[in-house]
> 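Please find one structure pasted underneath; my questions will follow.
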Amino acid sequence: MRTLFLVLEETPSVKHLKRAFREKGFTIKVLDLKKLSLLSGKNGTELLNGSVDFEKINCVFLKAGLKLTQFAEPLLDEFEKRNIYCQVKTKSNFISTNEPLQLAVLNKFNIKMPRTMVFGSPEPIKSQAEKFSYPVQFKAFRRGEKTMSMLVETERSLISIAKSLRAEQDAIIVREFIEGDVDESAIIGDKVFSIRRKFEGGILQPMKKAKSVKLSQAEKETAIHSAHICGYDIANVKMCKGYVLKVKPLLKINTFNKITGEDLYEETADLFRQKALERKKKGKK
């Protein structure tokens, strides 16, 4: 089984993953993502790099970062066409880099989330402010970047903020604040590894102070479903009291390993082995 690691740099976590993959019987090649090119023409799209024969690759572990969305998405589309397994699916980068879009996608599948409204300009907020239970989280976006994020305690304060904003925002999110401990779950396929960050004195404690926790079966299913909806077989799903707050690529694996006592590198390699064998049965060499 042959796996290509497409990464921007060979970090310690990538080295741990390489070790785990080799222990599962994989042949590994690491390629700097910046050295790969896509060439599109009338005969289709080519993946250009002289050192890699993509016809012989079973799986790709992609660690591109969300800032490379414009390159990663057509790349993911090519992997899908070639039946090459990748833990990241098409459209996942678009969904993760656009928070209002992620909210809309999760809502479409009836994922339990705090009551949220997305506005295209500040003006309509004034007439909707009375409909929220306070406090609320307020976030403003412009040109794909978050320009403002704060906790707003009262209806009057929300209206005041809306009046002070210029109308050139791309999107504004107002979400009812769920106060409580936050569960962060590492999703790897259909497995869930969770840690809990305490909310004390109005402050969410840092991740390094989190404790291992077991979610209910319903919460596990929600976390897995949310990750898959957003295009990830491997992800971090943040929840509070069963409400999904955010889905993002899984980072800080070492922190999860230390707190849970599990080896998420090995779990990742197991997932890739399972997917590679499934594709082998379907005829992918």
Side-chain angles (χ1 to χ4, degrees), residues 8 33 38 62-81 86-125 127-129 131-132 136-152 158 161-162 165-178 182-187 219 221-251:
L8 292 173
L33 184 60
L38 297 173
L62 179 65
K63 190 175 181 181
L66 296 178
K67 290 185 178 180
L68 289 182
T69 294
Q70 300 304 322
F71 177 71
E73 280 299 329
L75 182 62
L76 291 169
D77 189 55
E78 283 303 307
F79 292 158
E80 194 168 282
K81 289 177 183 176
C86 183
Q87 87 280 10
V88 183
K89 312 304 178 188
T90 56
K91 299 183 177 64
S92 59
N93 284 266
F94 289 135
I95 293 172
S96 290
T97 54
N98 187 327
E99 191 169 339
L101 175 60
Q102 184 176 101
L103 292 172
V105 170
L106 290 170
N107 185 62
K108 178 181 177 181
F109 287 88
N110 298 314
I111 295 298
K112 184 180 178 182
M113 296 185 298
R115 187 168 184 272
T116 305
M117 294 186 74
V118 180
F119 301 91
S121 67
E123 186 61 31
I125 296 175
S127 62
Q128 299 295 323
K131 298 181 180 180
F132 289 101
V136 296
Q137 288 182 315
F138 178 94
K139 297 180 182 180
F141 301 83
R142 186 165 182 257
R143 297 177 181 173
E145 298 289 333
K146 189 187 300 180
T147 58
M148 186 182 296
S149 179
M150 65 178 67
L151 189 66
V152 181
L158 181 60
I161 292 169
L165 280 178
R166 296 180 180 179
E168 51 196 29
Q169 307 297 323
D170 296 332
I172 299 168
I173 295 174
V174 180
R175 166 189 275 182
E176 291 182 358
F177 180 68
I178 306 297
V182 172
D183 296 326
E184 296 204 27
S185 296
I187 310 301
E219 289 171 332
E221 291 174 359
T222 296
I224 293 169
H225 193 199
S226 298
H228 292 175
I229 287 169
C230 292
Y232 296 116
D233 284 347
I234 299 176
N236 181 334
V237 179
K238 188 181 293 188
M239 304 172 69
C240 180
K241 296 181 178 179
Y243 291 88
V244 173
L245 306 179
K246 193 168 187 179
V247 180
K248 60 183 181 181
L250 178 58
L251 303 173

> Who passes side chain to side chain donor-acceptor pair (under 3.5 Å) against Ser149, sequence neighbours left out?
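Counting only residues at least two positions away or on another chain, Ser149 forms no side chain to side chain donor-acceptor pair (under 3.5 Å).
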
> Let me check something: any side-chain donor-acceptor pairs from residues 236-243 under 3.5 Å, sequence neighbours excluded? List them with distances.
from   : atom 1 : to     : atom 2 : distance (Å)
Asn236 : ND2    : Glu184 : OE1    : 3.0
Lys241 : NZ     : Glu179 : O      : 2.8

> Give me each pair satisfying salt bridge (Lys or Arg N to Asp or Glu O under 4.0 Å) with a member in residues 107-124, each pair once, sequence neighbours excluded.
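Found Arg115-Glu176, Glu123-Lys126.
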
> Please report the interatomic distance CZ(Phe141) to OG1(Thr147), rounded to the nearest 0.5 Å.
8.0 Å

> With a cut-off of 3.5 Å and sequence neighbours excluded, list every side-chain donor-acceptor pair involving residues 95-103.
from   : atom 1 : to     : atom 2 : distance (Å)
Ser96  : OG     : Ser92  : O      : 3.3
Ser96  : OG     : Tyr232 : OH     : 2.5
Thr97  : OG1    : Asn93  : O      : 2.7
Thr97  : OG1    : Phe94  : O      : 3.4
Asn98  : OD1    : Leu101 : N      : 3.1
Glu99  : OE2    : Lys139 : NZ     : 2.8
Gln102 : OE1    : Val247 : N      : 3.1
Gln102 : NE2    : Val247 : O      : 2.9

> Measuring only between side-chain heavy atoms, which start at C-beta, is Leu165 closer than 4.5 Å to Met148?
yes

> Is there side-chain contact between Leu106 and Ile229, with heavy atoms separated by less than 4.5 Å?
yes

> By side-chain contact (heavy atoms from CB on, under 4.5 Å), which residues pair with Thr90, not counting sequence neighbours?
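With neighbours one apart ignored, the set is Glu73, Leu76, Asp77, Glu80.
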
> Just how far is it from atom CD1 of Ile187 to atom SG of Cys230, taken to the nearest 0.5 Å?
11.5 Å

> Show the numbers, then the answer: is there a side-chain contact (heavy atoms from CB on, under 4.5 Å) between Phe132 and Val152?
CA-CA 11 Å; Phe132 289 101; Val152 181; over 6 Å; no

> Identify, with sequence neighbours excluded, every residue that meets side chain to side chain donor-acceptor pair (under 3.5 Å) alongside Ser185.
Ser194

> For Lys131, what residues pass the side chain to side chain donor-acceptor pair (under 3.5 Å) criterion, not counting sequence neighbours?
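Side chain to side chain donor-acceptor pair (under 3.5 Å) check on Lys131 returns Gln128.
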
> Under the side chain to side chain donor-acceptor pair (under 3.5 Å) rule, collect the residues that match up with Lys246, sequence neighbours excluded.
none

> Give the C-alpha distance, both sets of side-chain angles, the deciding distance and a yes or no for side-chain contact (heavy atoms from CB on, under 4.5 Å) between Gln137 and Leu151.
CA-CA 5 Å; Gln137 288 182 315; Leu151 189 66; 4.1 Å; yes

> For residues Pro249 and Val88, determine if any side-chain heavy atom of one lies less than 4.5 Å from a side-chain heavy atom of the other.
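Side chain of Pro249 against side chain of Val88, heavy atoms only: no contact under 4.5 Å found.
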
> Who passes side-chain contact (heavy atoms from CB on, under 4.5 Å) against Pro124, sequence neighbours left out?
Phe119, Ser121

> Do Lys89 and Asp233 have side-chain heavy atoms sitting under 4.5 Å apart?
yes

> Would you give the length of the straight line joining atom NE2 of His225 to atom CD1 of Ile111, rounded to the nearest 0.5 angstrom?
5.0 Å

> Do Val136 and Phe177 have side chains that get closer than 4.5 Å, going by heavy atoms?
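Of all side-chain heavy-atom pairs linking Phe177 with Val136, none is under 4.5 Å.
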
> Would Met150 and Ile161 satisfy side-chain contact (heavy atoms from CB on, under 4.5 Å), going step by step from the backbone distance to the final call?
CA-CA 10 Å; Met150 65 178 67; Ile161 292 169; 3.3 Å; yes

> Could you pull out all residues at least two apart from Leu8 that satisfy side-chain contact (heavy atoms from CB on, under 4.5 Å)?
Leu33, Lys34, Leu68

> Can you measure from OG (Ser226) to CE (Met113) and round to the nearest 0.5 angstrom?
8.5 Å

